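Because the structure is a prediction, the values reported are computed rather than measured. Heavy-atom basis, side chains included; hydrogens, waters and symmetry copies ignored.
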There are 2 protein chains.
Amino acid sequence: MDQSEKLHGHGAIGARRSDAIAAELAQMIQNGGFQEGERLPAERDLMQRYGVSRAAVREAIITLANRGLIETRLGHRPIVRKPDYEIAIDKVGNLVGHLVVDRKGVWNLFETRIFLEAALARWAAKHARRDHLEELRAALETNREAIGNSSLFDQTDAAFHAVLYRIPGNPIYPAIHKAYVEWLTQHWRSMRRGADIDQMNYAGHEAVLEAILARDPDSAEEAMRRHLTAAWEFVRSTFPSSN
Amino acid sequence: MDQSEKLHGHGAIGARRSDAIAAELAQMIQNGGFQEGERLPAERDLMQRYGVSRAAVREAIITLANRGLIETRLGHRPIVRKPDYEIAIDKVGNLVGHLVVDRKGVWNLFETRIFLEAALARWAAKHARRDHLEELRAALETNREAIGNSSLFDQTDAAFHAVLYRIPGNPIYPAIHKAYVEWLTQHWRSMRRGADIDQMNYAGHEAVLEAILARDPDSAEEAMRRHLTAAWEFVRSTFPSSN
DNA sequence: AGATAGATTTTGGTCAGACCATATGCTACC
DNA sequence: GGTAGCATATGGTCTGACCAAAATCTATCT
């Protein structure tokens with residue numbers, strides 16, 4: 001197949017040559033034409049292969065790099081990467097950052113978290129295996145020991161919730177959890193608080209776990225909703241009243 | 001602030017100048033330094049403002065365009081855009097394409113859909129307002145009339161589910177629904193089927209609505225799970241047995 | 001022979017200047 | 001006053017060059 005012919009051929013108005021090249025390379029990466037870790041041809045090779053200038057090739061390379069499909073380093077040929085769910089969801093953050101700056105945007109996001117975690121708690125109450133329950137117990141204990149140490153508490157807090165995201169066994173859920181933590185955390189990192197707040201959050205976790213252990217989906221969902229709604233009250237208080 | 005100074009200063013190894021410029025412009029867009037619809041300065045202006053070559057400016061521009069923060073047209077200065085949730089999620093589709101090609105990847109995605117819609121059905125049964133119920137009724141009726149017309153049925157099918165995504169009043173849910181439809185549809189578009197399949201899916205919708213109207217969350221969730229699980233059986237059958 | 005240090009080559013990052021295609025806007029003519 | 005045509009602005013592309021970092025090769029030393 002003559003690639004340059006093909007690329008020059010379809011004269012979609014306004015379409016950059018680099019876009020066509022990027023699309024072509026992206027498809028080759030997705031279809032296995034390039035394996036993970038493999039190195040892409042050098043820019044000077046690609047410009048010959050596609051019959052375009054180096055600028056066009058570079059613009060395509062940069063597009064792929066922005067998508068996370070390749071890694072670029074000075075002096076190196078680009079390395080092929082195949083982003084997983086976490087990386088993919090991470091990229092969304094860059095796009096919607098402006099939607100999550102005001103109180104309403106953060107609330108929309110937080111509301112989906114409450115909704116999802118309530119459903120996860122319900123799921124755990126119905127389907128969690130014994131090893132999952134043990135994980136939850138251990139995470140709760142670690143969380144209890146961190147009461148009073150703000151940064152450590154946050155860490156163990158997230159770890160407790162993370163277990164719930166792992167229980168369904170679908171890699172998409174942990175990726176979503178990571179996104180929640182990264183996007184939402186920055187909004188309450190600056191919060192001053194004492195051990196009493198930690199104590200309250202710990203109590204919330206405890207209630208959730210108790211309901212799960214009792215195999216009571218309704219209570220588990222309710223406990224999680226109560227816990228996260230209470231947490232939201234503090235996030236909300238950190239926002240300027242105008243927004 | 002002397003931008004060129006700043007940009008040349010932090011010599012983070014491997015960092016492209018265009019990345020720094022893109023980040024700077026992206027922040028100005030998000031912070032309202034540029035309003036939606038406004039036009040960015042010309043490339044030749046930006047190269048002077050940042051003290052870099054036009055290639056560097058162009059690479060930054062292309063990065064922003066890929067993120068959907070600006071629109072570029074030949075002969076036009078770039079136009080500032082602020083992507084909403086739907087556009088953002090759209091962009092992710094490019095990234096996870098390779099994760100949604102084999103059966104396992106599609107199942108992971110479909111499983112989250114079952115999980116989410118089951119929770120949405122539960123929510124609707126508990127909180128749907130009268131106008132929501134009326135919307136559901138109307139959507140179901142339209143869906144019934146489309147039985148036998150495959151493409152029209154798919155359309156009204158999606159429309160019925162879309163109502164459920166709208167009920168919580170959070171714009172993130174409809175965006176997710178759009179993503180599901182776009183990412184998953186292509187895997188069963190090619191499916192041959194008769195009116196009997198439409199009839200089955202319609203019956204599923206009907207059962208869901210009945211449970212919601214009866215304000216029975218458990219039944220609503222159960223009906224939705226049954227409906228989507230049945231739908232999955234057909235998607236699954238379209239995959240090569242090897243994957 | 002193997003390891004190490006230095007020279008050469010590869011390769012991405014940047015710059016400069018030019019030309020083309022398209023959109024915009026001005027100007028002169030009707 | 002409206003319209004056609006010309007000048008201008010602007011994005012898209014090309015060519016060729018230079019720099020910096022990494023990789024590779026080579027010669028030297030142990």
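Distance A:Arg16 CZ to C:dT22 P: 16 Å, rounded to the nearest Å. With rounding to whole Å, B:Met47 atom CE is found 15 Å from D:dG12 atom C1'. Summarising the geometry, the separation between CD on A:Gln48 and P on C:dT11 is reported as 12 Å, rounded to the nearest angstrom. Between the CD1 atom of A:Ile70 and the P atom of C:dG12 there is a distance of 10 Å, given to the nearest Å. Summarising the geometry, the separation between CG on B:Leu46 and P on C:dC15 is reported as 14 Å, rounded to the nearest angstrom. Atom CD of A:Glu59 is separated from atom P of C:dG13 by 13 Å (rounded to the nearest Å).
The salt bridge (Lys or Arg N to Asp or Glu O under 4.0 Å) contacts involving residues 88-98 of chain B comprise B:Asp90-B:Lys178, where partners must be two or more places apart or lie in separate chains.
Taking all atoms of both residues into account, the shortest heavy-atom contact from A:Pro168 to A:Trp123 is CA-NE1, 3.8 Å.
When atom types are taken as modelled, the side chain of A:Asp198 and the backbone of A:Gly148 share a donor-acceptor pair closer than 3.5 angstrom.
Checking each of B:Thr63, B:Ile62, B:Ile70, B:Leu64 against B:Asn66 for a side chain to side chain contact (heavy atoms under 4.5 Å, CB included) leaves exactly one that passes, namely B:Ile62. Each of A:His132, A:Glu135, A:Glu134 was scored for a side chain to side chain contact (heavy atoms under 4.5 Å, CB included) with A:Val163, with one residue passing: A:Glu135.
Every residue two or more places apart in sequence or in another chain that forms a side chain to side chain donor-acceptor pair (under 3.5 Å) with B:Glu43 is listed here: B:Arg54, B:Arg58. Evaluation of the salt bridge (Lys or Arg N to Asp or Glu O under 4.0 Å) rule for B:Arg44 yields no partner, not counting sequence neighbours. Not counting sequence neighbours, the partners of B:Glu141 by the salt bridge (Lys or Arg N to Asp or Glu O under 4.0 Å) test are B:Arg144.
Distances shown here put a side-chain N or O of A:Arg58 below 4.0 Å from the OP1 or OP2 atom of C:dG13.
Comparing C:dG13, C:dC15, D:dA22 by their closest approach to the side chain of A:Arg73 singles out D:dA22.
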Using the 3.5 Å cut-off, write out each protein N or O paired with an N or O of nucleotides 5-10 of chain D and the distance between them.
| residue | atom | partner | partner atom | Å |
| --- | --- | --- | --- | --- |
| D:dT10 | OP1 | B:Arg77 | NH1 | 2.8 |

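Between A:Trp232 and A:Phe110, the ring planes lie tilted relative to each other; the angle falls in the 30° to 60° range.
For DNA chain D, no neighbouring residue in residues 61-69 of chain B is found when judged by any heavy atom under 4.0 Å.
Both A:Arg39 and B:Arg54 lie near DNA chain D, and the one whose nearest nucleotide falls closer to the 5' end is B:Arg54.
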